[in-house]
Engineer: 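Following this message is one structure expressed as structure tokens.
Every chain is numbered from 1 and lettered A, B, ... according to where its sequence line falls, protein lines coming before strand lines.
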Amino acid sequence: MIAALKPAGGAGLLDDLRWRGLVHQCTDEAIAGRAFAEGSSAYIGFDPTAPSLHIGSLQQILLLRRLQDAGQRPIALIGGGTGMIGDPSGKSAERTLQGLDTIAGHADGIRTQLERFLAFEGPHAARLCNNFDWLSDMSLIAFLRDIGKHFSVNAMVQRDSVRARLQEREHGISYTEFSYMLLQAYDFLILYRDFGCQAQLGGSDQWGNIVSGVDLVRRLVPTRAADETRAGAPALGPPFGLTSPLLTTRSGAKFGKTEQGTIWLDAGRTSPFALYQFCLASDDADVPALLRRLTLLPRDEIEALEARHMAEPSARVGQRALATAVVELCHGQGGVRAAERATTVLFTGDPGDADLGELQEIFADVPSHVVSAADWQAEASALRLLLVGEGRPFASNGEAKRKLQEGAVRLNGQKVTATLNDPVPSESLIDGRAAVIRIGRKQTWLVCVAAPTEEEAG
RNA sequence: GGAGGAUUGCCCGAGCGGCUAAAGGGGGCAGACUGUAAAUCUGCUGGCGAGAGCCUACGGUGGUUCGAAUCCACCAUCCUCCA
């Protein structure tokens, strides 16, 4: 019923995806267009290689969401079974196999995250599957007879993902990973046949796997002829696949991998503040694509933002909108507020107007360290205690000295000119105990001195 | 099985008895300029030390030498050629 209220949603879906730059290759755009117009079901697979998805996966998650919003039924497939094999696509070396428990744990984490983005109830309820369910107890003989027979090794060897590894004698490819493609194709077969899923979507690196799946379904399941009408035909149209370009930065690097590590969607791994900052620091040239692909903002709104972004890039309108939208999607309004508050304190105000409790709240997600009162006393409040050591900005005295000489260290907003052994006057600390330390513009630390115990105080 | 060659700091790569904490490049961090952008320019990029300086480091272990990343022996790993 809701679907009937917005028929344009499905029909315009493919156009919207194209406009957003989410269409790289499609096995058959005519079939895709018809399927979307009529209302269909599509799936995307997620590998349980880590307990959390990262921002690179956000594009795929939102793609499912866009389908759902346009009246399609999205299926998220967690690769609990295929994750035990390892996808060779885009990998230069054989992967280390992970344990069953590890993968199951990862799958749980990923499920929780997906639930935040998709509606699992209602007219186009999303569905979550785990291919472990049908792969785990499959017999090898059955697999080879029923599935393997339909694949030509000659063709498989031609796939980019395999060919690259065959040519590289140093790494090679194991039989295990070579077989991966068959498993993923089998997934599509199961989903098509048993779950009514007409399409598989994925990143452009998945093209080979997706095409294999489409081929397998075509061979094994009788489908409605492309020009037949719905009446009297099987419910499901012919299978199709569609890939999206992988997100990269303008310098070609994989999106979401920084020197500090991956940008995760789990707040425990990458705080809302860090995620917000990551978006806010986006390259101008990347902003339009990111707005289109990583937010649910409507087209006209994005076009207006892009116009302002181009006209006056220094206002950073695009980055701000991006950061807000992404953080809201991942962590809700509360996450946005926390991130904005921290950003404001950090970049515009003197952190000193906040008291200690407030600071801890604002910077809950910034690395922090507590110096013991005894050490503080013993070393005469030496600056070193705030700067060097675990949980603090510098790993060695030498590094701290260099950065001090470069004028890179700020303590509560004031540039530090002292040397490491100089005492820190208590006026320069918040409540005499806490310091927001910034190294350059991008690194922030919160260090405070523990309150002396009664014994030490006395 | 035989004959050669390789193994250097985060990565690539020069050095081939002292002038080497090790050229050069990349990456990273910082400073300047800016807009928490890009580009550019500059500095830094093993540890301890206020400093002189000391310590640790050129696949591993021993050795030669006043002195070794550099020479020798053995071991390990990789590559090439011949069986």
Side-chain angles (χ1 to χ4, degrees), chain A residues 92-94 167-172 248-255 257-263 270-291 305-324 326-327 336 339-351 362-363 365-367 379-385 387-390 392-411 413-424 436-445:
Chain A
S92 59
E94 185 85 6
Q167 281 165 356
E168 208 185 333
R169 58 187 303 160
E170 260 198 60
H171 295 299
T248 53
T249 63
R250 112 205 177 95
S251 42
K254 252 188 199 161
F255 188 73
K257 308 273 185 197
T258 68
E259 277 303 309
Q260 289 75 43
T262 303
I263 303 295
T270 298
S271 68
F273 172 64
L275 179 63
Y276 188 91
Q277 285 295 322
F278 175 80
C279 295
L280 204 55
S282 298
D283 192 307
D284 285 349
D286 292 333
V287 167
L290 294 175
L291 280 171
L305 282 167
E306 285 174 0
R308 287 172 65 197
H309 175 68
M310 304 297 220
E312 198 193 354
S314 65
R316 310 174 64 75
V317 176
Q319 278 95 336
R320 249 169 247 287
L322 175 71
T324 306
V326 169
V327 173
V336 174
E340 281 178 344
R341 209 150 54 99
T343 296
T344 307
V345 169
L346 193 55
F347 287 94
T348 63
D350 177 358
I362 293 174
F363 290 121
D365 40 21
V366 136
E379 301 210 24
S381 324
L383 179 60
R384 163 192 285 111
L385 290 170
L387 296 181
V388 184
E390 203 175 325
R392 286 160 281 185
F394 303 113
S396 73
N397 292 339
E399 195 189 353
K401 268 187 278 190
R402 284 192 292 270
K403 286 289 172 278
L404 280 170
Q405 259 162 27
E406 285 167 351
V409 180
R410 282 170 184 276
L411 194 132
Q414 294 292 310
K415 188 178 272 191
V416 177
T417 50
T419 60
L420 281 181
N421 289 332
D422 290 343
V424 178
V436 173
I437 296 163
R438 288 185 64 198
I439 310 303
R441 287 166 173 165
K442 289 175 187 157
Q443 305 177 49
T444 308
W445 307 72

Engineer: Is any side-chain heavy atom of A:F255 closer than 4.5 Å to one of A:L290?
Structural biologist: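 A:L290 vs A:F255: side chains touch.
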Engineer: On the nucleotide B:U36, are OP1 or OP2 found under 4.0 Å from the side-chain N or O atoms that A:R410 carries?
Structural biologist: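 Checking B:U36 against A:R410, no side-chain N or O comes under 4.0 Å of OP1 or OP2.
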Engineer: A:K401 side chain N/O closer than 4.0 Å to the phosphate oxygens (OP1, OP2) of B:G51?
Structural biologist: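 Yes, A:K401 has a side-chain N/O under 4.0 Å of OP1/OP2 on B:G51.
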Engineer: So, do A:E312 and A:V317 sit near enough that their side-chain heavy atoms are less than 4.5 Å apart?
Structural biologist: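 A:E312 does not reach A:V317 side chain to side chain.
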Engineer: Which residues pass the side-chain hydrogen bond (donor to acceptor under 3.5 Å, both in side chains) test with A:R341, sequence neighbours left out?
Structural biologist: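 Expected list: A:E361.
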Engineer: State whether A:E399 and A:R402 are salt-bridged, where the test is any N-O pair (Lys NZ or Arg NE/NH1/NH2 against Asp/Glu carboxylate O) under 4.0 Å.
Structural biologist: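 Judged by the 4.0 Å cut-off on N to carboxylate O distance, A:E399 and A:R402 do not form a salt bridge.
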Engineer: Can you tell me how far C1' in B:A73 sits from the matching atom in B:U64, rounded to whole Å?
Structural biologist: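 It comes out at 10 Å once rounded to the nearest Å.
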Engineer: For the residue pair A:K401 and A:L420, what are the closest heavy atoms and their distance?
Structural biologist: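 Where A:K401 meets A:L420 most closely, the heavy atoms are CG-CD1, 3.9 Å.
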Engineer: In whole Å, what separates the P atom of B:A6 from that of B:G17?
Structural biologist: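 Pairwise P distance, B:A6 against B:G17, rounds to 14 Å.
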Engineer: Take atom CG of A:L322 and atom C1' of B:U36, then tell me their distance rounded to the nearest Å.
Structural biologist: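 After rounding, the reported distance stands at 14 Å.
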Engineer: Taking side chain as C-beta onward, heavy atoms only, is A:R438 less than 4.5 Å from A:T444?
Structural biologist: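 When only atoms from C-beta onward are counted, A:T444 and A:R438 do touch, with a gap below 4.5 Å.
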Engineer: B:A3 and B:C58: how far apart are their C1' atoms, nearest whole angstrom?
Structural biologist: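 The answer is 27 Å between these two C1' atoms.
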Engineer: To the nearest Å, give me how far apart CD (A:E406) and P (B:A32) are.
Structural biologist: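 Spelled out: CD on A:E406 to P on B:A32 is 11 Å.
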Engineer: Under 4.0 Å between any heavy atoms, over every strand shown, what does A:L420 touch: base, sugar-phosphate, or nothing? Just pick one.
Structural biologist: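 Nothing, no nucleic acid heavy atom in range.
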Engineer: Need one value for A:D283: base, sugar-phosphate or nothing, where a base atom within 4.0 Å counts as base even if backbone is also close, heavy atoms only.
Structural biologist: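 Sugar-phosphate, no base atom in range.
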Engineer: What residues form a side-chain hydrogen bond (donor to acceptor under 3.5 Å, both in side chains) with A:T419, not counting sequence neighbours?
Structural biologist: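 Scan of A:T419 (side-chain hydrogen bond (donor to acceptor under 3.5 Å, both in side chains), adjacent residues dropped) gives A:D422.
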Engineer: Roughly, in whole Å, what's the span from CD1 in A:I439 to C1' in B:C44?
Structural biologist: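 Rounding to the nearest Å, CD1 of A:I439 and C1' of B:C44 are 14 Å apart.
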Engineer: Just checking A:R402: base, sugar-phosphate only, or nothing, at a heavy-atom cut-off of under 4.0 Å?
Structural biologist: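 The answer is sugar-phosphate, as A:R402 gets under 4.0 Å only of primed atoms, P, OP1 or OP2.
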Engineer: Any side-chain N or O of A:S396 less than 4.0 Å from the OP1 or OP2 oxygen of B:C48?
Structural biologist: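 For B:C48, OP1 or OP2 has a side-chain N or O of A:S396 closer than 4.0 Å.
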Engineer: Answer yes or no: side-chain N or O of A:N397 and base N or O of B:G47 forming a donor-acceptor pair under 3.5 Å.
Structural biologist: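 Flag unset: no donor-acceptor pair detected.
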Engineer: Checking all strands, does A:Q405 fall into the base, sugar-phosphate, or nothing category for heavy-atom contacts under 4.0 angstrom?
Structural biologist: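 Counting heavy atoms under 4.0 Å across all strands, no contact is made by A:Q405.
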Engineer: Please report the distance separating the P of B:G43 from the corresponding atom of B:U56, rounded so that it comes out in whole Å.
Structural biologist: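 The same atom, P, in both gives a distance of 32 Å.
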Engineer: Would you write out the dot-bracket form of RNA chain B, 5' to 3', with Watson-Crick and G-U pairs under 3.5 Å, [ ] for crossing pairs, | for pairs to other strands and . for unpaired bases?
Structural biologist: ((((((((.[[[..)..(.....]]]((((((.......))))))(((....)))...[[[[[..)....]]]]]))))))).
Engineer: Take A:R384 and A:H309, find for each the nucleotide of RNA chain B with the closest heavy atom, and name the residue whose nucleotide sits nearer the 5' end.
Structural biologist: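 Residue closer to the 5' terminus by nearest nucleotide: A:H309.
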Engineer: Between B:A52 and B:G15, how far apart are the P atoms? Round to whole Å, please.
Structural biologist: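 Rounded to whole Å, the distance is 32 Å.
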Engineer: Rounding to an integer number of angstrom, what distance separates B:C41 and B:G26 when you compare their P atoms?
Structural biologist: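 It works out to 10 Å between them.
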Engineer: In whole angstrom, what separates A:Y276's OH from B:U36's C1'?
Structural biologist: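 The distance from OH of A:Y276 to C1' of B:U36 comes to 11 Å, rounded to the nearest Å.
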Engineer: Quick one: the side chain of A:Q319 and the base of B:U36, do they pair up donor-acceptor inside 3.5 Å?
Structural biologist: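 In this structure, the two groups form no donor-acceptor pair.
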Engineer: Distance check, C1' atoms only: B:G46 and B:C29, in whole angstrom units.
Structural biologist: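 Their C1' atoms lie roughly 16 Å apart.
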Engineer: Send over the distance from A:K403 NZ to B:G31 P, rounded to a whole Å.
Structural biologist: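 From A:K403 NZ to B:G31 P: 8 Å.
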Engineer: Can you give me the closest heavy-atom contact between A:S396 and A:V388, atom names plus distance?
Structural biologist: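 For A:S396 and A:V388, the tightest heavy-atom pair comes out as C-CG1, 3.8 Å.
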Engineer: Roughly, in whole Å, what's the span from CZ in A:R438 to P in B:U36?
Structural biologist: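 That distance rounds to 10 Å.
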Engineer: What is the distance from CG of A:L346 to P of B:U36, rounded to the nearest Å?
Structural biologist: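 Atom CG in A:L346 sits about 12 Å away from atom P in B:U36.
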Engineer: Using a heavy-atom cut-off of under 4.0 Å over every strand shown, decide if A:E399 touches base, sugar-phosphate, or nothing.
Structural biologist: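 Counting heavy atoms under 4.0 Å across all strands, no contact is made by A:E399.
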Engineer: Take the protein atom CG of A:L387 and the nucleotide atom P of B:A30, then report the distance between them rounded to whole Å.
Structural biologist: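 It works out to 15 Å between those atoms.
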Engineer: Go through A:N421 and A:E379 one step at a time and tell me if the side chain to side chain donor-acceptor pair (under 3.5 Å) criterion holds.
Structural biologist: CA-CA 9 Å; A:N421 289 332; A:E379 301 210 24; over 6 Å; no
Engineer: Pick the closest RNA chain B nucleotide for A:D284 and for A:V409 by heavy atoms, then say which residue is nearer the 5' end.
Structural biologist: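 On the 5' side of the pair lies A:V409.
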Engineer: Using the P atom as the reference point in each nucleotide, state the distance between B:A14 and B:G59 in Å, no decimals.
Structural biologist: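 Comparing P positions in B:A14 and B:G59 gives a spacing of 14 Å.
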Engineer: Which one, B:A30, B:U36, B:G35, comes nearest to the side chain of A:A408?
Structural biologist: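 Among the listed nucleotides, the one closest to the side chain of A:A408 is B:A30.
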